[in-house]
Number of protein chains: 2
Amino acid sequence: MAEHTRPAGVQSVGRALDIIELIDQAGGEMALVEISAASGLPMPTIHRLVRTLVDRNYLRQLPDRRYALGARLIPLGNAALDAFGSRSSSLLAEVVRRIGESANLAALDGDMLVYVGQAPAPRAMRMFTQLGQHVHPHCRAAGKALLAQLDDEQVRGILTRGGMPALTPATITDPDTFVDQLASVRAEGVAHEVGEMEEGVTCLALPVLGATSNLAVSISGPASRMTETLQQHAIPVLREAAEEIAVQLAG
Amino acid sequence: MAEHTRPAGVQSVGRALDIIELIDQAGGEMALVEISAASGLPMPTIHRLVRTLVDRNYLRQLPDRRYALGARLIPLGNAALDAFGSRSSSLLAEVVRRIGESANLAALDGDMLVYVGQAPAPRAMRMFTQLGQHVHPHCRAAGKALLAQLDDEQVRGILTRGGMPALTPATITDPDTFVDQLASVRAEGVAHEVGEMEEGVTCLALPVLGATSNLAVSISGPASRMTETLQQHAIPVLREAAEEIAVQLAG
DNA sequence: GGCCAACATTCCGTATTATGGAGTATAAAT
DNA sequence: ATTTATACTCCATAATACGGAATGTTGGCC
């Protein structure tokens, strides 16, 4: 066509992935016209791509001719989760054993944070984190640890595209403030978050350096239990876990 | 090229999906040469496709340059699971409430069976089924109910490609015997399975007719509790659930 | 530490392949 | 029954993906 100064990639594959993601974002179901409108591509093109995906079970066609996410995605998602999760879960469990609070492993997926590993604390009151859940990174300690691994320009792009919804009064909603804070995260090698996601919840996260994709390990718990002493005690434990995870995920 | 009388689809998209599936089957990691060898395509072609998938986070590159499944697949798998699961879980829970044994919803994904919905029985001894898990269909009541919806030729293809490993002495390992049994499943509209997957476990499944993709609902429990009386009682309950699920998944 | 082999990556001319405008079929709406 | 909206098919065109050849990289071996 005309203006594309991109490093490119295979066009039709990119378009097919766009379709899957559009349907996901639309809540799991879309009509052909809707996909066509949302992507700006003509209907025959969309139809051909969609047909390919349906044949392969990545999408399925509903009785009313609309299209929905297909069953093939489920085992693949599981396998991807295992690739991160199963290798890290014993290490996260070890963190929980030593610290007593819930531990998570998070990755960056596009502009969002996705939890790829998890070990719950043996407590009645604890964070409930769903594996595979994807959330905004700006209000998570793990998100800060992840974004600290990128340069400021990329971070601003993520914040702009993904937005910075305020989940509590303490949530940082200003990109400049957030970028400033990343500088100290980089300096200390540790990210903190106090009540920015949910009131009364405090988190602490470390980047997993030298790993395949950007990752971060975190612990989270009620502010009352996440004392300064506990956090100081937790940092070396998390650091050790982060190093082990980097090794594990290398192959 | 030469001989392909297939209904086609977009070539490059199909190849990209092949790559994802190859890596999945290989246990989550593959080198470029391996993918090239396994797919029969030249390395530059593979490389270009892989690059596209890496850019989009569907794959990731390990430090040793090998390729692994990427984080993007995780939320998509979750979303696909929800599309089936969340809409069916309350219905499955209702089945459990009325029958007292674990209920599952299964779909056919290629040659394998994948669990897309689940409600555990309120019992200490119960089936443990992982959502998204994929298993061979030949030794499951739900598998029989699913395959009964296909014609015999397709069934034989699935059995040949996927194989029929014997999990217990009772597992059916002969395609002819299996296909014969499907005839009575079609006639009765109900599939039974006694100890073919695990000794002492009995299952009962019904196809979900008129649904988007092929689905089946099943209950499973210890043979001692899955009496003839219970099964007779369960059939209308499962039939009702199947009809409701078909409606729910239509949109 | 330098050499070699294996693998990953980039280049680029070619034609196969995806593209999308025009047209047809199908379903829902009135 | 007629209209309208959407899904699906055809097919000539050229843009796009292709893959052979050449170049970088990396890790193993002497």
Side-chain angles (χ1 to χ4, degrees), chain A residues 1-20 22-23 26 29-56 58-70 210 212-213 247 250-251, chain B residues 1-20 22-23 26 29-56 58-70 210 212-213 247 250-251:
Chain A
M1 285 285 136
E3 48 262 280
H4 44 121
T5 339
R6 293 292 151 68
V10 179
Q11 188 191 62
S12 49
V13 174
R15 288 174 169 184
L17 302 181
D18 283 341
I19 291 173
I20 294 175
L22 278 170
I23 294 177
E29 282 183 35
M30 260 182 140
L32 203 61
V33 248
E34 295 174 323
I35 305 173
S36 173
S39 64
L41 292 170
M43 297 207 12
T45 301
I46 296 295
H47 182 258
R48 194 163 1 89
L49 292 167
V50 160
R51 237 175 75 81
T52 308
L53 293 169
V54 169
D55 285 346
R56 297 299 228 92
Y58 285 75
L59 296 180
R60 60 188 217 276
Q61 188 164 31
L62 303 173
D64 60 354
R65 292 163 136 218
R66 292 160 64 79
Y67 292 93
L69 297 177
T212 148
S213 45
V247 173
Chain B
M1 287 286 140
E3 46 262 281
H4 43 122
T5 339
R6 291 294 150 66
V10 179
Q11 188 190 61
S12 49
V13 174
R15 287 175 170 183
L17 302 180
D18 284 340
I19 291 173
I20 294 176
L22 277 171
I23 294 177
E29 281 184 37
M30 262 182 138
L32 203 60
V33 248
E34 296 174 321
I35 306 173
S36 173
S39 64
L41 293 170
M43 297 204 15
T45 301
I46 297 295
H47 182 258
R48 193 163 4 87
L49 292 168
V50 159
R51 235 174 75 81
T52 308
L53 292 169
V54 169
D55 286 346
R56 298 298 228 90
Y58 285 74
L59 297 180
R60 60 189 217 276
Q61 188 163 32
L62 303 172
D64 60 354
R65 291 163 137 218
R66 293 161 63 80
Y67 293 94
L69 297 177
T212 147
S213 45
V247 173

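Remember, predicted model here, so these are calculated numbers, not experimental data. Each chain gets a letter, A, B and so on, in the order its sequence line appears, and its residues count up from 1. Side chains are part of it too, since the values below use all heavy atoms of this structure and drop only hydrogens, waters and symmetry mates.
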Below the 4.0 Å mark, does C:dT9 have OP1 or OP2 next to a side-chain nitrogen or oxygen of B:H47?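 So the side-chain polar atoms of B:H47 do come within 4.0 Å of the phosphate oxygens OP1 or OP2 of C:dT9, strictly under.
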Could you tell me whether the phosphate oxygens of C:dT9, OP1 or OP2, come under 4.0 Å of any side-chain nitrogen or oxygen in B:Y67?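 So the side-chain polar atoms of B:Y67 do come within 4.0 Å of the phosphate oxygens OP1 or OP2 of C:dT9, strictly under.
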Rounded to the nearest angstrom, tell me the gap between atom [atom1] in [X] and atom [atom2] in [N].
{"X": "B:Q61", "N": "C:dC7", "atom1": "CD", "atom2": "P", "result": "15 Å"}
{"X": "B:R51", "N": "D:dG19", "atom1": "CZ", "atom2": "P", "result": "17 Å"}
{"X": "B:I46", "N": "C:dA8", "atom1": "CD1", "atom2": "P", "result": "11 Å"}
{"X": "A:D64", "N": "C:dA28", "atom1": "CG", "atom2": "C1'", "result": "11 Å"}
{"X": "B:L32", "N": "D:dG24", "atom1": "CG", "atom2": "P", "result": "19 Å"}
{"X": "A:I35", "N": "D:dT6", "atom1": "CD1", "atom2": "C1'", "result": "12 Å"}
{"X": "A:I19", "N": "D:dA7", "atom1": "CD1", "atom2": "P", "result": "13 Å"}
{"X": "B:L62", "N": "D:dG27", "atom1": "CG", "atom2": "C1'", "result": "16 Å"}

- Examine distances only and state if a side-chain atom of B:R60 and a backbone atom of B:L69 form a donor-acceptor pair shorter than 3.5 Å.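 Yes, B:R60 side chain to B:L69 backbone: donor-acceptor pair under 3.5 Å.
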- Have a look at A:P42 and say if it touches a base, only the backbone sugar-phosphate, or nothing, with a 4.0 Å heavy-atom cut-off.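 Answer is sugar-phosphate: A:P42 comes under 4.0 Å of backbone atoms only.
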When all nucleic acid strands are considered with a 4.0 Å heavy-atom cut-off, which category describes B:R66: base, sugar-phosphate, or nothing?
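Touches nothing.
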Worksheet entry | Heavy-atom donor-acceptor pair, A:R48 side-chain to C:dG20 base, under 3.5 Å |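 Such a pair is found, so the answer is yes.
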Could you check which of [options] has an atom nearest any side-chain atom of [X]?
{"X": "A:Q11", "options": "D:dT16, C:dA8, D:dA7", "result": "D:dT16"}
{"X": "B:P44", "options": "D:dA21, D:dC18, C:dA22", "result": "D:dA21"}
{"X": "B:T45", "options": "D:dT16, C:dG20, D:dG19", "result": "D:dG19"}
{"X": "B:R15", "options": "C:dT10, D:dA7, D:dG19", "result": "D:dG19"}

Should [X] and [Y] count as side-chain neighbours, where that means a heavy-atom distance under 4.5 Å?
{"X": "A:V13", "Y": "B:R56", "result": "no"}
{"X": "A:S39", "Y": "A:D18", "result": "no"}
{"X": "A:L17", "Y": "B:L53", "result": "yes"}

**Asked** Just how far is it from atom CG of B:L41 to atom CG of B:L49, taken to the nearest 0.5 Å?
**Response**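 Rounded to the nearest 0.5 Å, the CG-CG separation comes out at 8.0 Å.
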Quiz prompt | Contact nearer the 5' end of DNA chain C, comparing A:S12 with A:R65 | solution =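 Residue closer to the 5' terminus by nearest nucleotide: A:S12.
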Here's a test of your reading of the structure: between B:L49 and A:M30, which maps to the more 5' nucleotide of DNA chain D?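 Its nucleotide being nearer the 5' end, the pick is A:M30.
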